[in-house]
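As structure tokens, the structure follows; a few thoughts come after it.
Treat the numbers as computed from the prediction; the structure is a model and nothing was measured.
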Amino acid sequence: MPAGGARGADWYTGVEREVAREDWIVAVDASATVTTNSSAFGTITATIAPVATLLDSGLRVRLQGVAGTYSYPGAAVRQTVTGVQQEGTLLLGYEWIWQQAALAGYVGMNVRSNELSIVDPGNPVVGTGLGVKVAADLYVNPTDNTLLAVNASYSTLFNAYYARARAGFAIAPGVFIGPEVTLLGDNFFNGWRAGGHVTGFAVGPMKFSLGAGYAFDRIRKGGYYTSIDGRIAF
């Protein structure tokens, strides 16, 4: 999110750049992840600056929706179980923006619904509930050519957690390539992913990140994942 005449944090990496200022107050992120372990999820997130702009340190409001489907071999029922999950989140937070970094912390509530195709006594993560959720985002450019990005969240509902870390080296101005690692799970599921990403390339007014690599979970064991993330601000 560049600032003109002044400085502002780059929308994706947190780095400050001397370019024309855009007084963005809303950023919309969309992402999708598909694995060969029979899961597919999509997320859309709106981050709003109710005071000043997203280029400035200040209050943030975050709205998020998640939807997806997955399947697994149910040990208790001896057949494949398909799950459909939906989640809505409302968070209030604060973001600090410096010359080479941006850090945001959030707290709020989430509602999550998890429905199964058949009753599985071995899966306690079923039904609809309300939880307290916290989240944090960190973007750092240790140098002009390097990137570190971390996104994490935790909800008291089903003890659901998610953490993703990416490191990168610039291959073009604002475009980074490097490794990434993700940890995710809840009271029933847990797994991890490790692979590579290309982050920061633009298509029209949007910027994107692509990821791919190895995925592992405790039920289906090893597999592969692909992901795409995009952001637009206005």
Side-chain angles (χ1 to χ4, degrees), residues 1-35 42-47 49 53-58 60 62 93 95-106 135-153 162-184 192-215 224-234:
M1 296 175 179
R7 287 180 176 266
D10 181 87
W11 71 272
Y12 209 99
T13 63
V15 69
E16 306 256 345
R17 302 186 186 280
E18 291 280 5
V19 291
R21 182 180 179 99
E22 296 284 355
D23 290 330
W24 293 316
I25 61 173
V26 179
V28 178
D29 296 272
S31 66
T33 302
V34 178
T35 76
T43 302
I44 185 165
T45 304
T47 303
T53 76
L54 291 171
L55 309 183
D56 307 301
S57 296
R60 301 289 187 263
R62 175 163 289 179
E95 184 171 21
W96 295 267
I97 296 178
W98 299 282
Q99 183 174 352
Q100 296 297 117
L103 172 65
Y106 297 89
D137 299 323
L138 172 66
Y139 300 99
V140 182
N141 287 109
T143 69
D144 289 342
N145 295 319
T146 57
L147 163 71
L148 174 65
V150 180
N151 310 100
S153 66
Y162 176 90
R164 181 186 185 190
R166 288 169 290 163
F169 183 81
I171 57 174
V175 181
F176 297 83
I177 186 170
E180 66 174 8
V181 177
T182 302
L183 302 175
L184 67 165
W192 55 269
R193 299 166 187 159
H197 71 93
V198 178
T199 293
F201 64 93
V203 178
M206 296 190 67
K207 288 192 175 182
F208 290 90
S209 174
L210 297 176
Y214 182 78
Y224 301 95
Y225 77 92
T226 59
S227 66
I228 181 170
D229 302 82
R231 167 174 279 206
I232 187 169
F234 51 90

Run the side chain to side chain donor-acceptor pair (under 3.5 Å) test against [X] and tell me which residues pass, sequence neighbours left out.
{"X": "Ser153", "value": "none"}
{"X": "Glu180", "value": "Arg164, Tyr225"}
{"X": "Tyr162", "value": "none"}
{"X": "Thr226", "value": "none"}

Is Tyr224 atom OH crowded by more than 12 heavy atoms from other residues, nucleotides or ligands, each under 6.0 Å away? no
How close do [X] and [Y] get, counting heavy atoms only, and between which atoms?
{"X": "Pro142", "Y": "Thr146", "answer": "CD-OG1, 3.4 Å"}
{"X": "Lys207", "Y": "Gly200", "answer": "CD-O, 3.8 Å"}
{"X": "Ile232", "Y": "Met206", "answer": "CB-CG, 3.9 Å"}
{"X": "Ile97", "Y": "Leu54", "answer": "CD1-O, 3.3 Å"}

By side chain to side chain contact (heavy atoms under 4.5 Å, CB included), Ile228 pairs with (sequence neighbours left out) Ala32, Phe208, Leu210
Residue set satisfying side chain to side chain contact (heavy atoms under 4.5 Å, CB included) with Ser31, at least two apart, ordered chain then number -> Thr43, Asp229
Practice item. Apply side-chain contact (heavy atoms from CB on, under 4.5 Å) to the pair Thr53 and Trp24, showing each step before the final yes or no. Key: CA-CA 6 Å; Thr53 76; Trp24 293 316; 5.9 Å; no
Would you say [X] and [Y] make side-chain contact, with heavy atoms under 4.5 Å?
{"X": "Gln100", "Y": "Asp144", "answer": "yes"}
{"X": "Asp137", "Y": "Arg60", "answer": "no"}
{"X": "Ile171", "Y": "Phe201", "answer": "no"}
{"X": "Val26", "Y": "Phe234", "answer": "yes"}
{"X": "Arg193", "Y": "Ser227", "answer": "no"}

